[in-house]
Amino acid sequence: MKTNKTKPMIIAMDGPAGSGKSTTARMVAERLKLPYLDTGAMYRAVTLVAIEKKIPLTAEAKVAALAAKIPLRFGKLKAGEQSVWLGRRNISRDIRTPELTAQVHHAASSGAVRSKLVLLQRRTAQIGGGVIEGRDIGTVVFPDTPYKYYLDADVRLRSRRRYRELKAKGLKATFAQILKDQKERDYRDANRKIAPLRKADDATLIDTTKLTISQTADIICDLILGQKPRLKSGRN
Ligand code: DC
């Protein structure tokens, strides 16, 4: 799907962890037959490689050098799932462990790393467009796209979603700990000096607290296709 003959359609989806952004972004991409780009997976992959190469995560220049030549590849989006590859190695699971999640903020708060990954994100999406998901897509990576959505939800609900996910995977977790982690991540994302998480002025805010993923995807697809949304999009 293209906006016109020359410009690929870029759909920016930002928001905090647990807002339903990833699942919604994948659903929107599948419905609109657009590629999907998970930019969080890029920060995670760089963190994984740095840890495995024993490069301190605070050594910005070295981590940025890794980011500049990371052989990252994404599998085809299929039934809401997408694999992430480092060369021939499938790193889909390795980049989502709680240990790695606790470390990824180093790469995300480094200007040197961000500038390399932003270049990669632009290069990847500029060819065929896509649904690009992250924290700074509407503000920094693709500020000119007219399709910007910012998903948010109550922090307790986001934590409850995460708690259920971990329990379903058989992982040990307490709700209190997850809520605390979530608040810390929100604070870090919103308060870092470079490209902090914030809604672009011209982004549509969708509060997903009372919406299912499918309802959220309906609203976004309807807005994109220029129709009236089927449901009110919360605080907008
Ligand atoms: O969405 P996620 O949890 O997979 O993101 C992983 C980390 O990367 C998280 O700390 C937020 C950060 N991130 C970012 O700073 N900018 C993006 N565009 C995407 C993710």
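Both counts, for ligands and for their atoms, begin at 1 and track the order of listing.
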Please work out whether any backbone atom (N, CA, C, O) or any side-chain heavy atom from C-beta onward of [X] is under 4.0 Å from ligand 1, and answer side chain, backbone, both or neither.
X: Arg188; answer: neither
X: Leu197; answer: neither
X: Gln103; answer: neither

### Query
Any heavy atom of Gln121 sitting closer than 4.0 Å to ligand 1?
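No, that is not the case, since the closest heavy atom of the residue is not under 4.0 Å from the ligand.
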#### Entry: Contact check, Met42 vs ligand 1, heavy-atom distance below 4.0 Å
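Met42: no contact with ligand 1 (<4.0 Å).
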### Check ion pair Asp186-Arg158 (N to O, under 4.0 angstrom)
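Looking at Asp186 and Arg158, the cut-off is met.
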### Query
Would you call Asp189-Arg135 a salt bridge at under 4.0 Å N-O?
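Salt bridge between Asp189 and Arg135, a charged N being under 4.0 Å from a carboxylate O: yes.
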### Task
State, without any angle test, whether Tyr150 and Arg198 hold a side-chain donor-acceptor pair at a distance under 3.5 Å.
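On atom types as modelled, these side chains do not qualify, holding no pair under 3.5 Å.
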### Query
Using a distance-only test with no angle check, is there a side-chain donor-acceptor pair under 3.5 angstrom linking Ser22 and Glu133?
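Yes, because at least one side-chain N or O of Ser22 sits under 3.5 Å from a partner of the opposite role on Glu133.
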### Backbone N/O of Leu179 and side chain of Arg156: donor-acceptor pair under 3.5 Å
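Checked: no pair found.
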How far is [atom] from the closest protein heavy atom, and which atom is that?
atom: atom 16 (N) of ligand 1; result: Arg114 NH2, 2.9 Å
atom: atom 5 (O) of ligand 1; result: Gly40 CA, 3.6 Å
atom: atom 19 (C) of ligand 1; result: Thr39 OG1, 3.3 Å
atom: atom 8 (O) of ligand 1; result: Tyr43 CB, 3.7 Å
atom: atom 4 (O) of ligand 1; result: Arg44 NE, 2.7 Å
atom: atom 1 (O) of ligand 1; result: Arg135 NH1, 2.8 Å
atom: atom 10 (O) of ligand 1; result: Val104 CG1, 3.6 Å

### Query
Taking it one step at a time, do Glu165 and Arg161 satisfy salt bridge (charged side-chain N to carboxylate O under 4.0 Å, His left out)?
CA-CA 6 Å; Glu165 256 172 49; Arg161 285 174 182 162; over 6 Å; no
### Query
Lys78 versus Gln82: any side-chain heavy-atom pair under 4.5 Å?
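They are not in contact (no side-chain heavy atoms under 4.5 Å apart), so the answer is no.
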#### Entry: Single-linkage hydrophobic cluster, 4.5 Å side-chain cutoff, Val84 and Leu100 together
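Val84 clusters together with Leu100.
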### Any N or O of Asp38 closer than 3.5 Å to N or O of ligand 1
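No, since none of the N or O atoms of Asp38 sits under 3.5 Å from an N or O of ligand 1.
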### Query
If we only count N/O pairs under 3.5 Å, is Asp136 in contact with ligand 1?
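Yes, since at least one N or O of Asp136 sits under 3.5 Å from an N or O of ligand 1.
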#### Entry: Numbered atoms and elements of ligand 1 in range of Asp189, under 4.0 angstrom, heavy atoms
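Taking each heavy atom of Asp189 in turn, ligand 1 has 10 (O), 11 (C) under 4.0 Å.
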### Task
Can you sort out which atoms of ligand 1 are near Ala108, meaning under 4.0 Å from one of its heavy atoms?
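Near Ala108, meaning under 4.0 Å from one of its heavy atoms, ligand 1 has 12 (C), 15 (O).
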### Task
Using side chain to side chain donor-acceptor pair (under 3.5 Å) as the criterion, point out the one residue from Arg185, Arg44, Arg96 that pairs with Thr101.
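Exactly one candidate clears the test, Arg44.
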### Task
Determine, stepwise, if the pair Ser110 / Glu60 fulfils side-chain hydrogen bond (donor to acceptor under 3.5 Å, both in side chains).
CA-CA 6 Å; Ser110 156; Glu60 281 195 51; 2.9 Å; yes
